[in-house]
Number of protein chains: 2
Amino acid sequence: MTSPFVQKLRHGACLTEEDALLLDQLARPVHVAQAHHDILMEGDPPHTLTLILEGWACRYKQLDDGRRQIIALFLPGDLCEPYGILPHFMDHSLGAITAIRYARIRPDEMRALARANARIEEALWWDMLLQSAMQHEQTVSFGRRLAAERLAHFICELRLRLALVGLADETGFELPLIQSQLADAMGLTAVHINRTLMELRAAGLIELQRKQLTIRDPEALRNLAVFDPVYFHLDQRKDCNG
Amino acid sequence: MTSPFVQKLRHGACLTEEDALLLDQLARPVHVAQAHHDILMEGDPPHTLTLILEGWACRYKQLDDGRRQIIALFLPGDLCEPYGILPHFMDHSLGAITAIRYARIRPDEMRALARANARIEEALWWDMLLQSAMQHEQTVSFGRRLAAERLAHFICELRLRLALVGLADETGFELPLIQSQLADAMGLTAVHINRTLMELRAAGLIELQRKQLTIRDPEALRNLAVFDPVYFHLDQRKDCNG
DNA sequence: CGGCTAGTTGACCAGCTTCAAGTATTGTGG
DNA sequence: CCACAATACTTGAAGCTGGTCAACTAGCCG
């Protein structure tokens with residue numbers, strides 16, 4: 001049973017069993033947080049990196065007048081910061097969406113491990129490349145895609161991310177977000193998210209009930225989103241033999 | 001005369017004269033590109049990192065139907081990718097806005113230099129932290145800020161970035177973007193950028209003529225943007241003495 | 001069962017886009 | 001250095017996407 005962290009990183013580089021062990025040893029001890037609780041708040045000194053082991057979390061910022069923007073979602077296996085540096089003070093908050101288990105990792109240990117192990121270093125850089133590429137897609141979504149396209153793209157991306165850690169298949173995945181959280185994540189309002197979900201349902205693209213998202217027509221959904229997974233850079237890994 | 005790259009990095013770590021020399025030696029030979037020309041196009045294999053030495057460039061994506069989104073602007077001293085890895089194929093394009101001078105750097109050389117020199121490594125990680133933080137602010141802008149707030153924030157951020165490399169002072173800076181480029185950078189249309197600029201001018205916040213942007217009322221502009229530069233992490237550097 | 005939270009829907013409104021026309025500015029060849 | 005073309009900017013009118021407000025319905029949990 002490999003951890004989601006290792007499972008994800010194996011899409012970016014060839015990791016041996018020993019590499020996997022080294023990574024998992026870093027990810028201890030395990031902490032927990034309840035749903036809706038903050039792991040780190042804006043202004044806090046972080047002290048460590050945060051690695052999500054189980055459950056969903058998010059990076060968000062809150063404006064003075066209450067407007068809230070979820071900047072990124074973090075899924076099992078996700079490292080919430082670039083691994084090599086910690087800010088002295090957080091410029092955003094890190095919140096648990098569901099109940100989560102997470103590990104706190106010191107960046108100097110992470111750096112030491114990467115320095116000692118080229119495969120692990122490669123995998124971590126690939127992870128940063130992916131993180132960064134998803135950020136870029138988000139800018140495109142927010143800047144140029146209509147609500148339905150944006151939502152469709154979001155679903156396609158989430159499905160692929162979850163598939164990389166064995167939490168989604170072709171037919172769908174568990175989506176623990178309520179509509180107001182979806183709204184904060186997509187730069188829309190809850191009411192409009194509702195209408196847009198209804199639209200996708202009416203078009204026969206998806207179903208969503210009791211937190212279970214089912215993709216009824218994957219091709220039509222991808223077409224609407226114009227979703228092209230090249231930005232996941234899954235071709236980055238050389239063949240893993242020997 | 002220190003290069004903008006070194007000048008910027010010195011805000012993130014204490015670099016000696018020797019460090020500066022090492023960095024500048026990496027940034028050779030120098031290439032040029034004309035305004036409006038692409039340095040790299042989506043799908044290209046990049047071979048090297050790109051470091052902007054002079055002029056403005058941008059990362060952008062083009063959708064099938066012609067919609068275009070500028071994802072990031074690159075100013076003198078900016079590295080256009082995370083320094084440790086190259087994708088096999090570009091998932092976006094890199095275009096020159098003005099005529100530019102740039103250097104092509106091999107990531108393995110960059111990594112070797114960072115590995116050999118802790119100060120340089122620290123500076124490069126700080127640069128990534130800043131790059132990433134700006135991306136986050138952009139998500140907040142696109143998701144939750146009105147056009148005038150978004151534009152005001154954009155101007156405040158640009159002014160500070162340019163100030164870090166000596167290309168802006170309190171009163172303003174040269175802004176080589178035409179309004180349709182501004183629009184592509186901010187997720188709006190050229191017409192609305194025009195109206196919003198007019199609005200900021202009418203409110204006495206800025207002037208903009210012949211590519212020269214003058215900030216008439218810095219405090220009012222910051223207030224409108226709710227611009228807080230903590231996300232630049234300028235406190236990250238320890239005191240540079242001895 | 002009752003109270004709370006989440007989801008749904010309608011009516012109306014605001015911000016931004018689109019389309020179109022006109023004005024200013026810039027660049028270029030004679 | 002001017003004339004003229006091309007590009008950039010400005011403005012108005014109308015329309016669309018998404019926001020706001022408000023009410024109602026459906027789950028969920030003690």
The complete set of side chain to side chain donor-acceptor pair (under 3.5 Å) pairs with one or both residues in residues 182-195 of chain A, sequence neighbours excluded, reads A:Arg68-A:Asp184, A:Gln179-A:Asn194, A:Asp184-B:Arg144

Could you tell me the separation between the [atom1] atom of [X] and the [atom2] atom of [N], rounded to a whole number of Å?
X        : N      : atom1 : atom2 : result
B:Leu182 : D:dT10 : CG    : P     : 11 Å
A:Asn194 : D:dA23 : CG    : P     : 18 Å
A:Met186 : D:dG18 : CE    : C1'   : 13 Å
B:Asp184 : D:dA8  : CG    : P     : 12 Å

All ring-ring contact (aromatic ring centres under 6.0 Å, His included) counterparts of [X], not counting sequence neighbours:
X        : value
B:Tyr83  : A:Trp125
A:His11  : none
B:His31  : B:Tyr102
B:His233 : none

Between protein and nucleotides 25-30 of chain D, what N or O pairs are separated by less than 3.5 Å?
none

Stepwise, does the side-chain hydrogen bond (donor to acceptor under 3.5 Å, both in side chains) test hold for A:Thr139 with B:Gln69? CA-CA 8 Å; A:Thr139 295; B:Gln69 180 63 49; over 6 Å; no

For chain A and DNA chain C, what are the first and last nucleotides along the strand, 5' to 3', with at least one atom under 4.0 angstrom from a heavy atom of the protein chain?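 Result: C:dA6 to C:dA11.
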
Under the rule for side chain to side chain contact (heavy atoms under 4.5 Å, CB included), what residues qualify as partners of B:Asn223, not counting sequence neighbours?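 Checked B:Asn223 against side chain to side chain contact (heavy atoms under 4.5 Å, CB included); matches are B:Glu219.
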
DNA chain D: 5'-proximal contact among B:Lys211 and A:Gly187 (nearest heavy atom):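 In this pair, the answer is B:Lys211.
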
Quick check: closest heavy atoms across A:Ala152 and A:Leu200, and the distance to 0.1 Å? N-CD1, 4.5 Å

Contacts of A:Glu149 that satisfy side chain to side chain donor-acceptor pair (under 3.5 Å) - sequence neighbours left out: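 Only B:Arg67 meet the side chain to side chain donor-acceptor pair (under 3.5 Å) criterion with A:Glu149.
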
Close side-chain approach of B:Arg161 to B:Phe232, heavy-atom, < 4.5 Å: yes

A:Ser93 and A:Asp38: side-chain donor and acceptor closer than 3.5 Å? no

Full working for side chain to side chain contact (heavy atoms under 4.5 Å, CB included) between A:Leu164 and A:Gln7: CA-CA 7 Å; A:Leu164 295 188; A:Gln7 207 176 340; over 6 Å; no

Could you work out which one of D:dC9, D:dG19, D:dG12 sits closest to the side chain of A:Leu188?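 The nucleotide sitting nearest to the side chain is D:dG19.
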
I need the residues from residues 196-203 of chain B with at least one non-hydrogen atom less than 4.0 Å from DNA chain D; give them sorted by number, or say none.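 Per residue number, the list reads B:Met198, B:Arg201.
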
Interface with DNA chain D, restricted to residues 140-154 of chain A and to heavy atoms under 4.0 Å: A:Leu146, A:Ala147

Does NZ or CZ of A:Arg150 lie under 6.0 Å from the centre of the six-membered ring of A:Phe142, at an angle within 45° of the ring axis? yes

Kindly say whether B:Gly77 contributes a backbone atom to a donor-acceptor pair with the side chain of B:Lys8 at under 3.5 angstrom?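 Here the side-chain-to-backbone pair exists.
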
May I ask you to list the residues of residues 171-181 of chain A, by number, that have any heavy atom positioned under 4.0 Å from an atom of DNA chain C? A:Ile178, A:Gln179

Identified side-chain hydrogen bond (donor to acceptor under 3.5 Å, both in side chains) counterpart of B:His153 within the set B:Glu137, B:Gln138, B:Arg222: B:Glu137

Over 12 foreign heavy atoms within 6.0 Å of NE2, A:His36: no

